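Notes follow once the structure below has been shown.
In this text, all values refer to a predicted model and were calculated from it rather than measured experimentally. So you know, we letter chains A, B, ... as the sequences are listed, proteins then strands, and number each from 1.
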Amino acid sequence: MRYSQTLIPTVKEVPAEAEIPSHQLMIRAGFIRKVASGTYTYLPLGNRSLLKIIAIVREEMNRAGAQEILMPVLQPMELWEATGRREDYGETLAWFEDRHGRENVLAPTAEEVVTSLVAAEINSYRQLPVNLYQINTKVRDEFRPRFGVLRSREFIMKDAYSFHANVDDLEKTYRAMYDAYCRIFSRCGLKYVAVEADSGPIGGSASHEFMVPCSAGEDVIVHAEDFSYAANLEKAEIDAPAASPQLAAARQAAPAMEEVHTPGVGSIEAVCNFLKNRPADMIKTLVYTSGKDVIVALLRGDHEANENKLRRACDGAALEMAPPEVIKNVTSAAVGFAGPQGLAGKITRLIVDNSVAAMTSGVTGANKTDYHVRNVVPGRDFPLSGANVVVADIRNAVDGDTRGGKALKFSRGIEVGHVFKLGTKYSQKLSANFLDEQGQKQPCIMGCYGIGINRILASAIEMGHDDNGCVLPIAIAPFEVLVVPINISNPEVMGAAERIYKDLQAGGADVLLDDRDARPGVKFKDADLLGIPLRIVVGEKSLKEGKVELKARTEAKPTLVDLGAAVARTLDLAAQLKSQLSGESR
RNA sequence: CGGGGCGUAGCUCAGCUUGGCUAGAGCGCCUGGUUUGGGACCAGGAAGUCGGAGGUUCAAAUCCUCUCGCCCCGACCA
């Protein structure tokens, strides 16, 4: 394409609204323009990149045996009510009432629609498995759109849904998808980590998120130094503290519980200020309800509860923070003064975090408004075992924790993909059943697999940029080669540039010819900003010696090559860059 | 939704505290000329309901009230 005929509005100044490099550069390089909060127009360059990403995704999905379909963005609300997700999605669900009074959802995802399709069309195990995907716009009324294209209200997602007659078969497709994702992200030139995510209803390592580590990421990756283990914060398992040989003796020596008057001091922080102790010396008593059940969780004052882990410790029951009335009922004290002593008999279940079980003694609420107690010894003043007592890992990992003996590190990452074993949640609710070999009706077992197309581009730029602009991987750059004639009014220069341009195109390269009548400085600056991986400069001086300059975006200095050899050299280099992203090695 | 901030030319911003002249600058844009290897220079020019509505005042970009939009910090997700 010719630069002069393409809309590439580059800007020198850093846009005020953009905070992170990828957002700034996507605006500066003329990839996107904002339409409203969380919605963007992709200009020719941005759109070209998206199309290249989509082509890679499509190719790998097809190769992995998935079939492409196209589902509507507009979905009937009834489907969402049938699965209960109208409630689950809440405010994030974007919908409107049409002129006939029907409620329409703007698709944030498509489980309901595919599942109802399969319910109608699949009847027998002989028709399974199927893996259906689409690449389509998704809409989510995000509370807070942020970071440009990274968290927008509208985005392009590749979403795939697989249906199986049994769990083994799901496992096969899950692995095929996992492998396809590895190839996709490698081919896009991303450095990524597959992290374990909170497992679905099937259990095991049923879910993985594909993350691109970078400081702008919104998710926390918990990992071993060498990434031999990586999980998200929700999931990350923590070793229980090693049993100290002196623990029993220290507990023996601990003085009896002692009540202290702490008027109006309820929070951990306030108590620590008041009693001059550390949060790590406190035992936090959290009260949850699940239907009629009351569950109490004990955590060290400096730790955070992990509700996913808690739920698992309660055999998957849905938990909610107890309302104040329940807390008062159980503890006979105002909120903020709960303690585990004497509580076990009054509640459904007591769950003690490993770290609390390893404390010699702690400070906690006295179950009496305005009072706390000191010297509360686990095992003496509240039980660590019993029919309704569980000691477990129920908190978020923190600095200093280990897993399998390896220290856990924390990194931020951008989630670009997610593979998930769904089980029968949707197939049961929407009657996506099949008859098995015995003629028995069974719900399909499902998996789902998502990729954020726009996020791939944003995270590639987040990873690949320097002071001068984008440094894009060749597979997803809007063009592979940029040909820059210096001084277009010199017919020899322009003629040589045109020839190179045409020959490169004939050689299968994706070329942009900067045919603008602009000063060299302007062209060089824009060339760097756009981040096109290869650049050929045709200048008067070197041309007189029969040479042009060839430079990779990643290199500081150009190489002089013979005019006659330039095209072949460039095509060769492009092929090399591509093969580095083949996706076969990882 | 809570907390903080910002809305002035296409973009980045000054002016607002302490109301007062024709509302400014840089970049960009248009015309002419000189230039031509890392965002040139000279001359001329176009361009603004000061986010919107209401109020106070002789007088409002500036003060007050309301409203809309955008950005940043906190619970979800591709």
Which nucleotide wins on minimum distance to the side chain of [X], given the candidates [options]?
X	options	value
A:Val537	B:rG39, B:rC77, B:rG37	B:rG37
A:Arg519	B:rC76, B:rU36, B:rG37	B:rU36
A:Val522	B:rA40, B:rU36, B:rC76	B:rA40
A:Asp526	B:rG39, B:rA78, B:rC72	B:rG39
A:Lys34	B:rA75, B:rA40, B:rC70	B:rC70
A:Asp219	B:rC71, B:rC77, B:rG39	B:rC77
A:Arg140	B:rC77, B:rG37, B:rG39	B:rC77
A:Ile486	B:rG37, B:rU12, B:rA75	B:rG37

If you look at every heavy atom in [X] and [Y], which pair is closest and at what distance?
X	Y	value
A:Lys158	A:Met61	NZ-CE, 3.5 Å
A:Tyr161	A:Ala110	OH-N, 2.9 Å
A:Gln75	A:Ala107	NE2-CB, 3.2 Å

Candidate list A:Glu112, A:Glu81, A:Glu91, test salt bridge (Lys or Arg N to Asp or Glu O under 4.0 Å), partner A:Arg86, passing option: A:Glu81
Measure from [atom1] on [X] to [atom2] on [N] and round the result to the nearest Å.
X	N	atom1	atom2	value
A:Phe524	B:rG37	CZ	C1'	5 Å
A:Tyr3	B:rG39	OH	P	16 Å
A:Glu87	B:rC76	CD	P	17 Å
A:Gln134	B:rA78	CD	C1'	13 Å
A:Ile135	B:rA78	CD1	P	17 Å
A:Lys158	B:rC77	NZ	P	18 Å
A:Lys12	B:rC27	NZ	C1'	6 Å
A:Leu150	B:rC72	CG	P	11 Å

Under 4.0 Å, heavy atoms only, any strand: does [X] hit a base, just the sugar-phosphate, or nothing?
X	value
A:Glu549	base
A:Lys138	nothing
A:Ser152	base
A:Val416	sugar-phosphate
A:Asp159	nothing
A:Thr92	nothing
A:Gly417	sugar-phosphate
A:Asn454	nothing
A:Ser459	nothing

Give none if [N] has no partner; otherwise give the nucleotide forming a Watson-Crick or G-U wobble pair with it, both distances under 3.5 Å.
N	answer
B:rG7	B:rC68
B:rU56	none
B:rA23	none
B:rA61	none
B:rG44	B:rC30
B:rC76	none

Does the side chain to side chain donor-acceptor pair (under 3.5 Å) test come out yes or no for A:Glu111 and A:Thr109, once each step is laid out? CA-CA 6 Å; A:Glu111 280 83 358; A:Thr109 170; 2.6 Å; yes
For the ring pair A:Phe185 and A:Phe210, is the centre-to-centre distance below 6.0 Å? yes
Would you say a side-chain N or O of A:Arg146 is under 4.0 Å from OP1 or OP2 of B:rG74? yes
Given B:rA78, is OP1 or OP2 found less than 4.0 Å from the side-chain N or O atoms of A:Thr109? no
What distance, rounded to whole Å, do you find between the two [atom1] atoms, one in [N] and one in [M]?
N	M	atom1	value
B:rU31	B:rG19	C1'	40 Å
B:rA60	B:rU17	P	14 Å
B:rA25	B:rG15	C1'	11 Å

Report yes if a donor N or O on one partner sits less than 3.5 Å from an acceptor N or O on the other, where the partners are the side chain of [X] and the base of [N]; otherwise report no.
X	N	answer
A:Arg151	B:rC77	yes
A:Arg535	B:rG38	yes
A:Asp528	B:rG38	yes
A:Glu13	B:rG39	no

Less than 4.5 Å apart, side chain to side chain, heavy atoms only: is that true for A:Glu196 and A:Glu209? no
Name the orientation class of the two ring planes belonging to A:His208 and A:Tyr178 (parallel below 30°, tilted from 30 to 60°, perpendicular beyond 60°). perpendicular
